[in-house]
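When a ligand or atom number is given, it counts from 1 through the structure's own listing order.
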Amino acid sequence: MAVLKHYLCAALILIQFVPDLLAASDSSCPALAGVPGTPGHNGSPGRDGRDGRDGFPGLKGEKGDPGIGAQGPPGKMGPAGLIGPKGEKGNSGLPGGDVQHTLTADVKYLTERLTVVEKVLGFQTFKKVGKKYFVSDGLVANFENAQIFCSDAGAKIALPRNEDENKVLVSMNNIPKSMFIGATDKEKEGLFVDMDNQPLTFTKWRTNEPNDYKDQEDCTVAEITGGWNDVPCSAKVNVVCEL
Ligand code: GN1
Ligand code: CA
Ligand code: CA
């Protein structure tokens, strides 16, 4: 019965807008907390606060998020800085005289080589071996005319100074299968020298040569086999010059 009474009182409280019912049952309900009233209206705003005191900045804010725009163009060049300290002394260069000397020597060498090459290009055939060129216009003549021909061309009659040169020279042989070389024993029989009267530093005499056949052979030929033979200077053979 007491439980039922409690429920009834609770129902009466909920329908408090019926004050008579609430009053009639008030004397017989147990004490219960009242329902809160509705909140009151806000009061009027207070007065503005005082400014903060200088020298006491507020707390630092949080770091902002990175920007999302593209990188801008480089800024203008800054102004020149102060002049720095004096640098160390540089290495000494080549003396001017040495540079001049080297250049002069180079020009001289190149000029000489160009002169040689231009002469070579004036011949019908030529072969190079080392720095030497053997040249020919297909002339067949005696030794005297061979010398004149080569001299007129600004060259010398061919004289191989080593095996390589000898091979290249005889490879230019044609009919009559031999060519004069610049070696004679005109001055002293049996002593062959070059056109500057210097002893030969390379020879390729055939077996039993030089034999001064019939005491009439003071000039020399290189035969197609590569061997050398002394012959009369009046013989007519191929003429090859060297540059
Ligand atoms: C040649 O061809 P012959 O025998 O007359 C040559 C000589 C050689 C000789 C060797 C102009 O004389 O120089 O010593 O063969 N003459 C000529 O047998 O080439
Ligand atoms: Ca001789
Ligand atoms: Ca001979």
**Report entry** Closest approach to the Ca ion (ligand 2) by D185, given as the N, O or S atom name
**Finding:**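 Considering only N, O and S atoms, D185 comes nearest to the Ca ion (ligand 2) through OD2.
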Requested in this report: Output, in order, the C-alpha distance, side-chain angles, deciding distance and verdict of side chain to side chain contact (heavy atoms under 4.5 Å, CB included) for L243 and F123.
Outcome: CA-CA 11 Å; L243 284 160; F123 287 86; 4.2 Å; yes
Return the residue, atom name and 0.1 Å-rounded distance of the protein heavy atom closest to [atom].
| atom | value |
| --- | --- |
| atom 10 (C) of ligand 1 | E209 OE2, 3.4 Å |
| atom 11 (C) of ligand 1 | P232 CD, 3.8 Å |
| atom 3 (P) of ligand 1 | Y213 CE2, 4.2 Å |
| atom 16 (N) of ligand 1 | E217 OE2, 3.5 Å |
| atom 15 (O) of ligand 1 | N229 ND2, 4.9 Å |

Query - Sequence-distant partners of E187, salt bridge (Lys or Arg N to Asp or Glu O under 4.0 Å), two or more places apart - result: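 In terms of salt bridge (Lys or Arg N to Asp or Glu O under 4.0 Å), with neighbours along the sequence ignored, E187 is linked to no residue.
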Query raised in the report: What count do you get for protein N/O/S atoms less than 3.0 Å from the Ca ion (ligand 3)?
Result: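 Total protein N/O/S atoms under 3.0 Å from the Ca ion (ligand 3): 6.
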Could you tell me whether [X] atom [atom1] has more than 12 heavy atoms of other residues or ligands within 6.0 Å of it?
| X | atom1 | value |
| --- | --- | --- |
| E144 | CD | no |
| I175 | CD1 | no |
| F202 | CZ | yes |

**Report entry** Donor-acceptor under 3.5 Å (N238 side chain, N174 main chain)
**Finding:**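 Looks like yes, one N/O pair under 3.5 Å.
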Query raised in the report: Is K128 reaching over with its side chain to a backbone N or O of G130, donor-acceptor style, under 3.5 angstrom?
Result: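 Indeed, once roles are kept as given, a pair shorter than 3.5 Å links the two residues.
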Query raised in the report: For ligand 1, which atoms, with element, lie under 4.0 Å from some heavy atom of V231?
Result: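 Close to V231: 17 (C), 19 (O).
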Side-chain donor-acceptor pairs of residues 156-169 under 3.5 Å, sequence neighbours excluded:
residue, atom, partner, partner atom, Å
K156, NZ, D196, OD2, 3.2
R161, NH2, D194, OD2, 3.0
N162, OD1, D164, N, 3.2
N162, OD1, E165, N, 2.8
E163, OE1, K204, NZ, 3.0
E163, OE2, K204, NZ, 3.1
E165, OE1, K132, NZ, 2.8
E165, OE1, R161, N, 2.9
N166, OD1, W228, NE1, 2.9
N166, ND2, G226, O, 2.9

**Report entry** Residues forming a side chain to side chain donor-acceptor pair (under 3.5 Å) with S171, sequence neighbours excluded
**Finding:**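 For S171, the residues satisfying side chain to side chain donor-acceptor pair (under 3.5 Å) (neighbours in sequence not counted) are K127.
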Report task. Enter the distance from N211:CG to W205:CH2 here, rounded to the nearest 0.5 Å. Result ->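 The CH2 atom of W205 is 9.5 Å from CG of N211, to the nearest 0.5 Å.
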Query raised in the report: For atom 1 (C) of ligand 1, is some protein heavy-atom partner under 4.0 Å away?
Result: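 Neighbour list for atom 1 (C) of ligand 1 is empty of protein heavy atoms (cut-off 4.0 Å).
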Query raised in the report: Does the shortest distance from the Ca ion (ligand 2) to an N/O/S atom of D218 fall below 3.0 Å?
Result: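 Here the distance criterion (N, O or S atom, under 3.0 Å) is met by D218, so yes.
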